[in-house]
Protein chains: 2
Amino acid sequence: MNREQGRDILKRLNMKVTPKRLEVMCCLGSEPLYLSADEVWHRIKDRVDSIGLPTVYRILDELAEAGVITRIFLADRKQYYFLCANQDHHHHHFVCESCRRVEDLGQCALGEGTLDAVQRSGGRVTSHILQINGVCATCSTPRGGAACRTK
Amino acid sequence: MNREQGRDILKRLNMKVTPKRLEVMCCLGSEPLYLSADEVWHRIKDRVDSIGLPTVYRILDELAEAGVITRIFLADRKQYYFLCANQDHHHHHFVCESCRRVEDLGQCALGEGTLDAVQRSGGRVTSHILQINGVCATCSTPRGGAACRTK
DNA sequence: AATTAAATGAAAATTATTTTTATTTATACG
DNA sequence: CGTATAAATAAAAATAATTTTCATTTAATT
Ligand SMILES: [Mn+2]
Ligand SMILES: [Mn+2]
Ligand SMILES: [Zn+2]
Ligand SMILES: [Zn+2]
């Protein structure tokens, strides 16, 4: 994710193109890892000309609300965010509990008739959450050697 | 969910059968609604012989960890819990954004080859989250009249 | 360049959640 | 049944994530 792409996304959402927003997006989009608001803040607060933590919170929330970034759900009662490079089609993610890596699941992994079933019963579906947790190939391999941090 | 059922569940999990745990389980299991720790606390603190909020947090966490109760994910950065009457087979839920009602989705609504795909690529799957959000039939119906609170 | 709604900073406040430590209790066992 | 003991709980205090407020700045428009 570069500034151009970030700029395009913000334009599309009718949000002002600000250096802070671009910085947050580039930070999250630079690696396939999920981060907390605090972590994003630490990584960018010295660049730009400093940025406040509340601003990071606001930006992350806006972008998540707009669907540009994905909320990652863990049991630790903290919110994590991930900016997927693939903004084209709707899909979900595999999250490595060991190294924080997030990987695409090809298509939306929802079973065929699931949403239809709800709607047929009279309900209206507005969104859905789907997240596969586990340990990624690299972290699973005993002699991985690769760039998989042990957290 | 009555005390007998709660007792059986705790026994199965090798957890001590305490009045507080039974109270929390009966509270959550009395309605198909999700609640926060604080809400559970308010509903039961006068019964039993009072109960501390940290105890409610601990119990909810234990039961969620054990898979007896389900964490409900909302964007409001708070943890919600739901105790499903159907403890038999693995499945997921539809959550009404309007009245907090939680409904069963028949089977696990994950697409067929989803977990296989991850494993075939070398990763290991440990768990998955699947939640459908929307507005339930009752809340969707203009002249519902029924017992669907407007939140 | 002027205008203005939106974005941001800084400090303070809030609130959900956790930790600590002393006390109580469920359960196993003689 | 008493007793022993590990586990559970209370109460108070602490923590840490997140939000609010309000004054100031800035991106976009004219
Ligand atoms: Mn993706
Ligand atoms: Mn259920
Ligand atoms: Zn990994
Ligand atoms: Zn409803």
Side-chain angles (χ1 to χ4, degrees), chain A residues 3-4 6-27 34-66 68-69 71-81, chain B residues 3-4 6-27 34-66 68-69 71-81:
Chain A
R3 308 209 149 228
E4 272 316 301
R7 182 193 141 82
D8 291 345
I9 291 175
L10 292 175
K11 284 283 189 194
R12 175 163 52 79
L13 297 172
N14 280 84
M15 293 169 69
K16 286 187 180 178
V17 178
T18 70
K20 313 296 165 88
R21 280 176 176 160
L22 291 176
E23 205 59 47
V24 167
M25 295 176 84
C26 287
C27 171
Y34 65 79
L35 297 175
S36 69
D38 192 66
E39 287 162 348
V40 169
W41 182 61
H42 271 94
R43 293 187 179 204
I44 66 178
K45 70 185 160 81
D46 296 328
R47 302 165 64 176
V48 204
D49 43 351
S50 91
I51 181 173
L53 185 51
T55 301
V56 174
Y57 272 96
R58 270 182 301 235
I59 291 174
L60 289 173
D61 216 38
E62 290 163 352
L63 293 176
E65 217 52 51
V68 174
I69 65 183
R71 290 182 207 277
I72 300 293
F73 298 98
L74 272 60
D76 73 351
R77 301 156 195 288
K78 278 166 70 178
Q79 292 259 306
Y80 293 95
Y81 300 89
Chain B
R3 306 208 152 228
E4 273 315 301
R7 181 192 142 82
D8 291 344
I9 290 176
L10 291 174
K11 285 283 188 194
R12 176 163 52 78
L13 297 172
N14 280 84
M15 293 169 70
K16 287 188 179 176
V17 179
T18 70
K20 313 297 165 85
R21 279 176 178 159
L22 291 177
E23 206 59 48
V24 168
M25 294 175 84
C26 286
C27 171
Y34 65 80
L35 297 175
S36 69
D38 193 66
E39 288 162 348
V40 170
W41 182 62
H42 270 94
R43 292 186 180 205
I44 66 179
K45 70 185 161 82
D46 296 327
R47 303 166 63 175
V48 206
D49 42 352
S50 91
I51 181 173
L53 185 52
T55 300
V56 174
Y57 270 97
R58 264 182 257 123
I59 292 175
L60 290 173
D61 216 39
E62 290 164 351
L63 293 176
E65 217 51 51
V68 175
I69 63 182
R71 290 181 208 276
I72 300 294
F73 297 98
L74 273 59
D76 72 352
R77 301 157 195 288
K78 280 166 72 178
Q79 293 259 308
Y80 294 94
Y81 300 89

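Keep in mind that this is a model prediction, so the values were computed, not measured. Below, chains carry the letters A, B, ... as their sequence lines are ordered, and counting in each starts from 1. Note that these values count all heavy atoms, side chains included, but never hydrogens, waters or copies made by symmetry.
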message: The side chain of A:Pro19 is closest to which nucleotide in this list: D:dA27, D:dA8, C:dT8?
response: D:dA27
query: Out of D:dA10, D:dT18, C:dG9, which has the shortest distance to the side chain of B:Lys20?
result: D:dA10
Any idea which heavy atoms bring [X] and [Y] closest together, and the distance?
X: A:Glu39; Y: A:Tyr34; result: OE1-O, 4.4 Å
X: A:Tyr80; Y: A:Ser36; result: CD2-N, 3.5 Å
X: A:Lys16; Y: A:Leu10; result: O-CD1, 4.0 Å

What is the distance, rounded to the nearest whole Å, between atom [atom1] of [X] and atom [atom2] of [N]?
X: B:Leu10; N: D:dT9; atom1: CG; atom2: C1'; value: 15 Å
X: B:Lys45; N: D:dT9; atom1: NZ; atom2: P; value: 18 Å
X: B:His42; N: C:dT15; atom1: NE2; atom2: P; value: 13 Å
X: A:Met15; N: D:dA27; atom1: CE; atom2: P; value: 14 Å
X: B:Trp41; N: D:dA10; atom1: CH2; atom2: P; value: 11 Å
X: B:Tyr80; N: C:dT15; atom1: OH; atom2: C1'; value: 12 Å
X: B:Asn14; N: D:dA6; atom1: CG; atom2: P; value: 17 Å
X: B:Ile44; N: D:dT9; atom1: CD1; atom2: P; value: 10 Å

Kindly say if [X] contacts the phosphate of [N], meaning a side-chain N or O under 4.0 Å from OP1 or OP2.
X: A:Thr55; N: C:dG9; answer: yes
X: A:Tyr57; N: D:dT18; answer: yes
X: B:Arg21; N: D:dA8; answer: yes
X: B:Arg77; N: C:dT17; answer: no
X: B:Thr18; N: D:dT9; answer: yes

query: Counting any heavy atom closer than 4.0 Å, what does B:Ser36 reach on the DNA or RNA strands: base, sugar-phosphate only, or nothing?
result: nothing
- line: By nearest-nucleotide position on DNA chain D, the 5'-leaning member of A:Lys16 and B:Val56 is B:Val56
field: DNA chain D: 5'-proximal contact among A:Pro54 and B:Arg58 (nearest heavy atom)
entry: B:Arg58
query: Which residue lies toward the 5' end of DNA chain C, B:Val17 or B:Gln79, if each is placed at its nearest nucleotide?
result: B:Gln79
task: Hey, which sits more toward the 5' end of DNA chain C by its nearest nucleotide, B:Ala37 or B:Lys11?
output: B:Ala37
query: Is the shortest heavy-atom distance from the side chain of B:Glu62 to the side chain of B:Leu13 under 4.5 Å?
result: no
- prompt: Distance from B:Arg3 atom CZ to B:Arg21 atom CZ, nearest 0.5 Å?
  reply: 14.0 Å
